[in-house]
> 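Handing you a structure now.
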Amino acid sequence: MKSLKVGICGLGTVASGVINVIKRNQHEISARAGCQVDVVHVGSRSLKNNCDMTGIAFTTNLMDVIDNPEVDVVAELIGGYDLAKEIVCSAIRNGKHVVTANKALIAEHGNEIFALAAEHNVIVAYEAGVAGGIPIIKALREGLAGNKINWLAGIINGTGNFILTEMKDKGRDFADVLEEAQALGYAEADPTFDVEGIDAAHKLAILASVAFGVPLQFEKTFTEGISKISTLDVNNAEELGYRIKHLGIARRQKNGFELRVHPTLIPEHQLIAKVDGVMNSVLVDGDAVGQTLYYGAGAGSEATASAVIADLVDVARVVNSKSEEFVPYLGFSAEKLQALPVIPIEEIISAYYLRVTAEDHPGVLAEVASILSDLGINIESVMQKESEQENNTIPLVLLTHEVQEKQINLAIEKIEALGTTIGNVVRIRVEHFN
Ligand code: HSE
């Protein structure tokens, strides 16, 4: 093969990064791919870009790229659902390999897309969809192929991590930091995907499938975002020796696997607790290797382009070797995927941080403690903050030992029904990774 001809749909932050890096690192990329990798055609609604388009055909009709007989592989870099799905499926039907950075598309329609790709014997690669520049799909699918993966936990949304870090370090306001993340190009087109955990849930669903060999099940992911995390909780966690991170957790259990995204208290001595700003990190526990930790930029133009180009190089290698075989889409042969159930959130076992706002008078702490003890919930520590003079209320902060979520739900219900507590109890799950 003289060269791998790439058609790109989209000309935003990631596409511009891909074009720039391919031009800049042409020598390394072609030496690795075994042939030249050339972007020959770009389709986008607008020609506005940050890259050198010399020698690249441009169209505003994205289907021109899919129908271009010269194009071997289509890079879908527009994001979103409907149009992206149409592009990917049409490219597959045209016998073209596909590389995408679209985690929403893979998490929600991946099962169908992979089946179609298998029918047409083409590759669909999506490394750039999860944790930006970190080669985590490759690590799980290839590097850890000898392991039974027990669990993984990751900071997989850069925007959310950036917001939590700025709140902790600078006491900045949530909305103000989100605006900055949008200006820096980290946030999704709809930033509620970042702050309500949907983006992380997309990525976690993909990671869990690749880790455990199960079909994609985004719709069963328990999802809680960071929008209700206050500076007060961030500071309390710090006083208790923890950091609050927004984690995606997938854990294998005897009767299925946990699949959950939520803010989490992590002991500050854990390396993953020190991952700040827009950086992402994934901690993986394999039965043979033990724990391995992956860290890097989770968003941004060239970091994401790095993953897209790695996938293009993989495609070039397969095409050059004229092989009919390639790494299975989810790392396990399609016929070997297991029907493991996702465990309902009420059945998971975790430790908890609870913050109760209560009236400041004798016996309130005893009432709360007795609810917990009646339900068999062991308290690890209690922190009572000073009374807020204006309304004579006190924040009570409790850390519990591990207990089933169902029990904590009951306890919260009873605490909220006490005449002496005010508003809702704040509950944040705690993970120690021991
Ligand atoms: N909005 C995403 C994030 C972009 O903040 O991580 C990368 O997927």
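For ligands, and for the atoms within them, numbers begin at 1 and follow the listed sequence.
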> Is the closest side-chain heavy-atom distance between Lys5 and Lys96 below 4.5 Å?
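No. Closest side-chain heavy atoms not under 4.5 Å.
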
> What are the two closest non-hydrogen atoms of Asn20 and Cys51, and how far apart are they?
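Where Asn20 meets Cys51 most closely, the heavy atoms are OD1-CB, 3.1 Å.
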
> Please say whether Gly158 places an N or O atom under 3.5 Å from an N or O atom belonging to ligand 1.
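Yes, at least one N or O pair falls under 3.5 Å.
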
> Are any of the N/O atoms on Asn280, whether in the backbone or the side chain, positioned under 3.5 angstrom from an N/O atom of ligand 1?
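In fact, backbone or side chain, Asn280 has no N or O that close.
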
> Determine whether more than 12 heavy atoms belonging to other residues, nucleotides or ligands lie under 6.0 Å from atom CG of Asn50.
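Atom CG in Asn50 is not packed in, count stays at 12 or less.
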
> Consider side chain to side chain contact (heavy atoms under 4.5 Å, CB included). Of Thr165, Ile163, Asp169, which one does Met167 pass it with?
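For Met167, the side chain to side chain contact (heavy atoms under 4.5 Å, CB included) check succeeds only for Ile163.
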
> Of all the atoms in ligand 1, which lie at a distance below 4.0 Å from a heavy atom belonging to Ala299?
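Listed by number with element: 4 (C), 7 (C).
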
> Which bit of Thr159 is near ligand 1, meaning a heavy atom under 4.0 Å away: side chain, backbone, both or neither?
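Thr159 to ligand 1: contacts from backbone and side chain alike.
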
> Among Ala187, Gly298, Ala303, Gly132, which one puts a heavy atom closest to atom 7 (C) of ligand 1?
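Selected option, by shortest heavy-atom distance: Gly298.
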
> Of all the atoms in ligand 1, which lie at a distance below 4.0 Å from a heavy atom belonging to Asp194?
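Listed by number with element, the hits are 1 (N), 2 (C), 3 (C), 5 (O).
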
> In the protein, what heavy atom is nearest to atom 1 (N) of ligand 1, and what distance, to one decimal place, separates them?
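Protein heavy atom at minimum distance: Glu188 OE2, 2.6 Å.
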
> Is Ser306 reaching over with its side chain to a backbone N or O of Glu302, donor-acceptor style, under 3.5 angstrom?
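Judged by distance alone, no pair lies under 3.5 Å.
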
> Counting distance only, does the side-chain N/O of Thr421 pair as donor-acceptor with the main-chain N or O of Ile415 below 3.5 Å?
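Yes.
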
> Tell me, which protein residue and heavy-atom name are nearest atom 8 (O) of ligand 1, and how many Å apart are they?
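Looking only at protein heavy atoms, the one closest to atom 8 (O) of ligand 1 is Lys103 NZ, 2.6 Å.
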
> Could you tell me, atom by atom, which parts of ligand 1 come under 4.0 Å of a heavy atom of Lys203?
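Checking each atom against Lys203, I get 2 (C), 3 (C), 6 (O), 7 (C), 8 (O).
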
> So does Glu431 pair up with Lys245, basic N to acidic O under 4.0 Å?
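No.
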
